[in-house]
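Working notes, structure below.
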Amino acid sequence: MNPSLPENWFKNRIAHIEERVQNACARRGRSPAEVTIIAVTKYVSNEIAADLVHAGMMELGESRPQELWRKAEDLPDFIHWHLVGHLQTNKIERTLPLVSWIHSVDSLRLLQALEKEAVKQNRLVNILLEVNASGEVQKHGFQVQEMDQVIATLAHLHQVRVGGLMTMAALEGDSESCRKTFAQLRQLRDRLQENVKPPHHLVHLSMGMTGDFEIAIEEGATMIRIGSLFFEGLENFQ
Ligand SMILES: *Cc1c(COP(=O)(O)O)cnc(C)c1O
């Protein structure tokens with residue numbers, strides 16, 4: 001434990017987030033069990049991330065592969081790691097053995113490179129396809145219009161398993177534009193799913209961060225990626 005941190009700091013923060021998740025689920029008649037909360041630890045040290053694990057979080061996310069490697073090496077093996085940021089092909093080999101999910105697969109080239117390495121390592125790799133549903137120019141992710149074509153290539157993937165879609169709302173967007181982006185991702189998933197065959201299944205929607213996770217849940221998120229809300233205020237104890 002970080003000695004200066006109040007004992008129940010993270011337990012309270014987890015309870016606060018879980019309560020907001022439950023309330024958002026209740027508004028749509030959803031079960032909170034359908035929503036996985038991923039704690040994005042990119043803002044904090046290994047030590048603080050370990051405190052969060054100690055308080056009960058087992059699903060952790062990082063946006064940079066090297067940072068994920070650094071934390072995974074130091075933290076307990078039972079953690080499920082989620083890569084939520086861009087993956088360069090030269091970082092695939094070291095990343096695959098560590099992750100439960102890669103949320104941010106954003107090109108056909110990356111999909112092919114992942115399949116090749118998954119075969120080489122004899123692993124199954126769970127991934128989500130990142131979609132630029134908000135249409136923001138500078139964003140990673142497939143364009144909505146290219147998704148039919150992407151789905152048509154999935155039959156060639158055997159060790160890489162596509163489990164759903166991921167998106168980020170526009171940085172400058174208000175809550176209505178967030179909602180629109182998230183609803184669009186859900187509709188896209190529902191439509192594309194008809195052309196997806198096992199072992200691929202478009203089940204998951206990874207969407208929603210600190211500022212918009214309740215809207216994302218109302219629009220069908222099954223994975224939310226929360227960073228700041230776990231850690232804001234911590235600086236007062238360091
Ligand atoms: C940082 C990050 C998050 C968490 O963002 P917060 O607004 O701090 O909750 C979620 N998803 C991705 C892809 C990120 O890079």
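Just so you know, ligand 1 is whichever comes first in the structure, and atom 1 is the first atom listed for that ligand.
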Inset, instruction - Verify side-chain hydrogen bond (donor to acceptor under 3.5 Å, both in side chains) between H86 and S104, making sure each step is shown before the conclusion. - result: CA-CA 6 Å; H86 185 61; S104 38; over 6 Å; no
Inset, instruction - Please report which non-hydrogen protein atom sits nearest to atom 14 (C) of ligand 1, along with the residue it belongs to and the distance in Å to one decimal place. - result: K42 NZ, 3.0 Å
Legend entry - Within 6.0 angstrom of K91 NZ, more than 12 heavy atoms from elsewhere: yes
Inset, instruction - Starting from atom 9 (O) of ligand 1, find the nearest protein heavy-atom neighbour and note its residue, name and distance. - result: T210 OG1, 2.5 Å
Inset, instruction - Provide the number and element of each atom of ligand 1 under 4.0 Å from a heavy atom of Y43. - result: 1 (C), 5 (O), 6 (P), 8 (O)
Legend entry - Any donor-acceptor N/O pair, N132 side chain to G135 backbone, under 3.5 Å: yes
Inset, instruction - Indicate whether any N or O donor in one side chain lies under 3.5 Å from an N or O acceptor in the other, for T41 and E62. - result: yes
Inset, instruction - Would you indicate whether E19, at its atom CD, is surrounded by more than 12 heavy atoms from other residues, nucleotides or ligands within a distance under 6.0 Å? - result: no
Inset, instruction - Scan Q22, E218, E214 and name whichever one has a side chain to side chain donor-acceptor pair (under 3.5 Å) with R27. - result: E218
Legend entry - Residue S63 vicinity, atoms of ligand 1 by number, heavy atom under 4.0 Å: 15 (O)
Legend entry - Shortest protein heavy-atom distance from atom 10 (C) of ligand 1, along with the residue and atom involved: M209 SD, 3.3 Å
Inset, instruction - Could you tell me whether the side chains of E115 and H158 share a donor-acceptor contact shorter than 3.5 Å? - result: no
Inset, instruction - Could you check atom 13 (C) of ligand 1 against the protein and tell me its nearest heavy-atom contact, residue, atom and distance included? - result: V84 O, 3.4 Å
Legend entry - For atom 11 (N) of ligand 1, closest protein heavy-atom neighbour: R225 NE, 2.9 Å
Legend entry - Residue S228 vicinity, atoms of ligand 1 by number, heavy atom under 4.0 Å: 6 (P), 7 (O), 8 (O), 9 (O)
Inset, instruction - Run the contact test for I226 against ligand 1 with a 4.0 Å cut-off on heavy atoms, strictly below, and give the result. - result: yes
Inset, instruction - May I ask you to check if ligand 1 and G227 share an N or O to N or O distance below 3.5 Å? - result: yes
